[in-house]
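Presented below is the structure to which this report refers.
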Amino acid sequence: MRAAGDTKVVRGVELRRDPAREPCFEIVHLHHDVPESGSVTLEGRRQRAHREYNQEVQTLEIAALCLVDYPDAPWELRMEFARQCWDEARHSELAFRHLRELGGWKGMYPIANLDWSVVAMLDSLPARLAIQLRTFEAGSLDVENVAPTMLRGLGQEQLASILEAIEADEIQHVRFGNEWVKRLTAADPRAVLRVASAMAWLQKVVETTGDDALKDIATIGAARELAGFSQAEVKEVARLQRTTIQRAMTTPGDPR
Ligand SMILES: [Fe+2]
Ligand SMILES: [Fe+2]
């Protein structure tokens with residue numbers, strides 16, 4: 001779990017300190033500081049491969065952190081995280097190979113680790129599942145759904161096939177995230193409140209940092225979160241949220 005000194009402050013918001021990276025990487029804190037110039041030019045394609053490479057590494061690290069932080073989680077859930085680590089490691093290898101084939105290299109562009117910095121602040125496993133799997137990974141699935149067709153239109157068959165292979169695994173990650181948020185909240189109704197508090201905190205991070213990429217995905221995620229719960233649960237969350245929201249903003253994922 002998070003220890004003293006494990007955090008950093010970005011535009012006034014306390015976030016988890018970045019994971020270790022090789023010295024070749026320049027680390028920035030927000031998505032708009034990572035270059036992104038579309039998928040048409042060679043430069044843009046290298047930037048995309050570089051971003052995806054770091055994104056997959058980061059996702060691997062988040063799944064591994066859940067294994068480390070929650071040794072007493074149900075065994076089947078720990079197996080899901082372990083399989084996810086294997087999947088994300090393969091995805092990062094695919095993205096890295098693609099980057100090299102395009103003539104790129106590690107550290108060619110700045111990287112941001114915002115997903116890690118947000119999710120690793122949460123002290124609740126259901127909240128981590130909701131934000132990492134049901135919000136961030138499900139949000140990327142929405143993008144990946146349309147990307148292969150667009151890339152084939154640009155003659156980029158290889159990347160289109162890579163994304164399709166990755167998507168097949170990502171569907172399973174979102175599926176186990178859904179299943180385990182339901183199981184954990186059924187076993188402990190207070191977990192619903194923790195999920196809601198984490199979503200409220202995520203909105204606060206978006207507003208304070210002004211990170212547009214995070215905003216897009218958080219907005220989709222908030223709608224998806226509410227859709228995942230019954231009307232009675234949503235009403236109860238809204239009632240409890242009114243009294244706990246202030247605390248949720250200062251203590252992510254832990255509304256007690
Ligand atoms: Fe992945
Ligand atoms: Fe994934």
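In this chain, numbering begins with 1 at the start of the sequence shown. If you're wondering where the values come from, they're calculated on a predicted model, not measured in any experiment. Order of appearance sets the numbers: ligands from 1, and atoms from 1 within every ligand.
- In this structure, Leu77 and Ala73 approach most closely via the heavy-atom pair CD2-CB, 4.4 Å.
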List the steps and the verdict of side chain to side chain donor-acceptor pair (under 3.5 Å) for His98 and Glu52. CA-CA 10 Å; His98 185 60; Glu52 284 180 4; over 6 Å; no
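- Cation-pi check for Arg78 over Trp75 is not met; the charged atom does not lie both under 6.0 angstrom from the ring centroid and within 45 degrees of its normal.
- The angle that Glu170 OE2 and Glu56 OE1 make at the Fe ion (ligand 1), rounded to 10°, works out to 150°.
- With a cut-off of 2.8 Å, the Fe ion (ligand 2) has an N, O or S atom of His173 in range.
- The N, O or S atom of His91 with the smallest distance to the Fe ion (ligand 1) is ND1.
- To the nearest 10 degrees, the angle centred on the Fe ion (ligand 2) between OE2 in Glu88 and OE1 in Glu137 reads 120°.
- Of the options Lys182, Arg183, Arg175, a salt bridge (Lys or Arg N to Asp or Glu O under 4.0 Å) to Glu179 is made by Arg183 and by none of the others.
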